[in-house]
Amino acid sequence: MRSFGIYPDPNMFPFVLKACVFLKNLRLGESIHGCIIRLGLDFDLFTGNALLNMYAKFQSLQPNGGHKVFAFNVFDGMPKSDELCGTSAQEKGASIIQLEPMTKVLEMMPKRDVVSWNTVIAGNAQNGMYEEALRMVREMASANMKPDSFTLSSVLPIFAEYVDVIKGKEIHGYAIRHWFDSDCYIASSLIDMYANCARIKDSCSVFNLLSKRDDISWNSIIAACVQNGVFDEGLKLFRQMLTAEVKPRDVSFSSIMPACAYLTTLHLGKQLHGYIIRGGFNDNMFIASSLVDMYAKCGNIKAARWIFNQMEHHDMVSWTAIIMGYALHGHAHDALLLFKQMEMDGVKPNYVSYIAVFTACSHAGLTEEAWRYFNSMSRNHGIKPGLEHYAAMADLLGRAGKLEEAYEFIGSMHIAPTGSIWSTLLSACRVHKNLELAEKVANEIFKVDPENVGAYVLMSNMYAAARRWKDAAKMRIFMKKKGIRKEPACSWIEVKNRVHTFISGDKSHPLYDRIFEALKDLLEQIEREGYIPDTNEDFHDVDEEQKKYMIFSHSERLALAFGIISTPAGTTIRITKNIRVCVDCHTAIKLISKVVQREIIVRDNSRFHHFKDGKCSCRDYW
């Protein structure tokens, strides 16, 4: 067109600028911007909007106005307009150089419409420049321009990021008053905002009021439920989405997989895996990483490794998923070997991958290796230790019996220790029966977290173990006055596609009589193998026989007995427990795995235990 000497008109430049975006060529876009200025076409509304869109799309925008040079030489052969409203092109170009191009383009537009404002607001929001985005919203209102649904969907993620539910509700109110609340994009943004502010009920209310639901709104509510720990509801909604004949997308599977992982519903996880293969999503790296995580957390580390090995490319997420999987299953050396392989493959470790490394070291008692990694984390990779790293190191030292070292380590942290970090040491004090240090640690916990239920329960139990019944009673009375309730020990098992839940001492299961008989039979068999009940960890002030019965009816034993009577001989039994497996149950399940000739996998709140032939994968270190 240039060679024919044809003068460009305003209708041409929006398409050329869009081409620059697709080519990801910012330099070329800046050159064309210069050409637009020289030709005097920057006053055209559509050309101005196209420029705004181009600068908004480029992710290389810098907050200090980093575009230092505009290249005006690409179309040098074109006719030039020396004067634009009395300002030379050079002067005008120079003024743009000093400020963010996107903002400056907006300021210089003589006429702006809603599209102009929305483009700048969305561009700032997507680039993390939240204050600038909100400033533009206020300026838009001052210019008597009403925000539309696009404006609201751009602003809501900002309040989600700031966890500002009050401002988010104001936007919600505006949306209702202007009939935008039925818009799927607005609804999805509201669902995300409420979910990020831990208001999952409000997220569900927004979703339930939608008359029409698209895949975006379905995926938003499923992700919201999983993000807030409402896993059962997330799975229920996923099924409803399939029933509504809404085709899942890759993000659907990435969102729902953590629910299967948390609930350890391996059967459902396998069903989803089948759906993923049939839908052609198995090559998606994010979904594959979710599958690795799901299989590892459902107790099938071999399947997790197989999927990992099938992946053509591995990113940080997939590496971290498999390393953490091996760490939780007690295969520390495999986990550390994978970490080294990851580094050799040129993938730099991040914050989360080091948590996996410290978890692996903690579960195997690899103190020296952990210290080496802890020191190299900041020295070699510039990663500053965070609360999770300190907690893992404190846990490692505590498990290894280095209680005083752990106490000093927590006290020397560069950030204020939380109650949960002190709690890891308190648990170690209980295991190693160091009541004196436990009292010091408990005082530290109550300073920063006076409502810490676990600390009160542990101290009560430690006082009871030391036969200091009055101190134990004081703790329990104090808990009762404060309304602090202990979380009941709970275990669950999946049998024939249904999850069965058991609470310690609970007799409500329909098959309880058969479960009780099976437990009695198992007890007789393991006693012949040398089992002697260990009642030292039962801290009730009752006689020995009652203590034996209480241990006998622990939740994981009820789940195990149910699994044995409900599945064919030789079937692997998988149980999940919400708290740490006690010493006596650990001993009993080892012997049960031997007498029934089954592999029994128990996941407690910190790791997996693989029981087989009278042994456990943790080697009695947990």
Side-chain angles (χ1 to χ4, degrees), residues 161-165 195-199 227-229 258 262 320 324 327-328 349-363 367 370-371 373-375 377-378 381-432 434-462 475 478-479 482-487 578-580 604-607 622:
E161 187 73 24
Y162 284 160
V163 195
D164 190 341
V165 75
N196 221 46
C197 297
R199 302 285 290 263
Q227 177 188 330
N228 282 273
Y262 181 85
T320 302
M324 182 61 88
L328 292 174
N350 67 359
Y351 187 96
V352 181
S353 57
Y354 270 105
I355 297 173
V357 166
F358 297 139
T359 302
C361 293
S362 178
H363 289 167
T367 311
W371 275 121
Y373 282 114
F374 187 82
N375 293 326
M377 181 172 66
S378 52
H381 298 288
I383 300 170
K384 202 172 182 180
L387 287 171
E388 294 89 349
H389 303 123
Y390 282 114
M393 285 298 294
D395 181 56
L396 167 74
L397 295 170
R399 286 174 192 266
K402 300 182 178 184
L403 304 181
E404 292 294 340
E405 186 179 344
Y407 186 82
E408 290 173 12
F409 173 75
I410 296 172
S412 65
M413 285 169 54
H414 76 275
I415 45 181
T418 60
S420 60
I421 291 180
W422 283 115
S423 293
T424 60
L425 180 54
L426 186 62
S427 297
C429 290
R430 182 188 65 81
V431 172
H432 296 285
N434 189 331
L435 182 55
E436 184 182 349
L437 182 60
E439 289 179 320
K440 286 169 64 179
V441 172
N443 287 333
E444 296 292 342
I445 293 172
F446 298 141
K447 283 179 192 174
V448 294
D449 187 8
E451 304 295 317
N452 191 304
V453 179
Y456 287 108
V457 173
L458 278 173
M459 287 308 299
S460 174
N461 290 345
M462 288 188 75
M475 278 287 171
F478 182 79
M479 286 172 66
K482 296 270 286 184
I484 300 171
R485 297 186 66 185
K486 176 185 174 183
E487 183 182 15
N578 64 336
I579 60 174
R580 185 180 185 269
D604 66 11
N605 64 347
S606 66
R607 67 171 297 152
W622 86 101

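- A heavy-atom distance below 4.5 Å is not found between the side chains of V448 and E444.
- Judged purely by atom type and a 3.5 angstrom limit, T359 uses its side chain to pair as donor or acceptor with the backbone of I355.
- In this structure, K440 NZ and L426 CG are separated by 13.5 Å, a value rounded to the nearest 0.5 Å.
- For the pair M377/F358, a side-chain contact is recorded, criterion being any heavy-atom separation below 4.5 Å from C-beta on.
- Remark: I445 CD1 to Y456 OH distance equals 10.0 Å, nearest 0.5 Å.
- Once rounded to the nearest 0.5 Å, the distance linking CZ of R430 with CE of M459 reads 12.0 Å.
- Applying the side-chain contact (heavy atoms from CB on, under 4.5 Å) test between S423 and each of L458, T418, N452 identifies N452 as the sole match.
- Atom CZ of residue F409 and atom CD1 of residue I421 lie 8.0 Å apart, to the nearest 0.5 angstrom.
- The minimum heavy-atom distance between I410 and P417, with the atom names listed, is CG2-CB, 3.6 Å.
- Counting non-hydrogen atoms of other residues, nucleotides and ligands closer than 6.0 Å to OH of Y162 gives a total above 12.
- Across A455 and F446, no two heavy atoms sit closer than the pair CB-CE2, 3.7 Å.
- In this structure, N605 and N578 have side chains that are not in contact, with every pair of non-hydrogen atoms separated by 4.5 Å or more.
- Residues passing the salt bridge (Lys or Arg N to Asp or Glu O under 4.0 Å) test with E408: none are found, sequence neighbours excluded.
- Across every non-hydrogen atom of S362 and D395, the tightest pair is OG-OD2, 2.7 Å.
- Residue A327 comes nearest to A356 through the heavy atom pair CB-O, 3.6 Å, listed as atom of the first residue, atom of the second, then distance.
- In this structure, S420 OG and D449 CG are separated by 8.0 Å, a value rounded to the nearest 0.5 Å.
- The heavy-atom pair separating L396 from A370 by the smallest distance is CD2-CB, 3.0 Å.
- A donor-acceptor contact shorter than 3.5 Å links the side chain of N375 to the backbone of W371.
- Two residues are said to be in side-chain contact when any heavy atoms from C-beta on lie closer than 4.5 Å; V457 and M479 meet this criterion.
- Side-chain atoms of R399 and H363, non-hydrogen and from C-beta on, do get closer than 4.5 Å to each other.
- A heavy-atom distance below 4.5 Å is found between the side chains of Y390 and I415.
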Does the pair Q227 and N196 meet the rule for a side chain to side chain contact (heavy atoms under 4.5 Å, CB included), with working shown?
-> CA-CA 8 Å; Q227 177 188 330; N196 221 46; 3.2 Å; yes
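- The two residues I579 and D604 come nearest to each other via the heavy atoms O-CB, 3.3 Å.
- By the 4.5 Å heavy-atom criterion applied to side chains, M413 and L387 are counted as neighbours.
- Using modelled atom types, one finds no donor on one side chain facing an acceptor on the other under 3.5 Å when comparing H381 with Y351.
- Distance check: N350 CG to I383 CD1 gives 6.0 Å after rounding to the nearest 0.5 Å.
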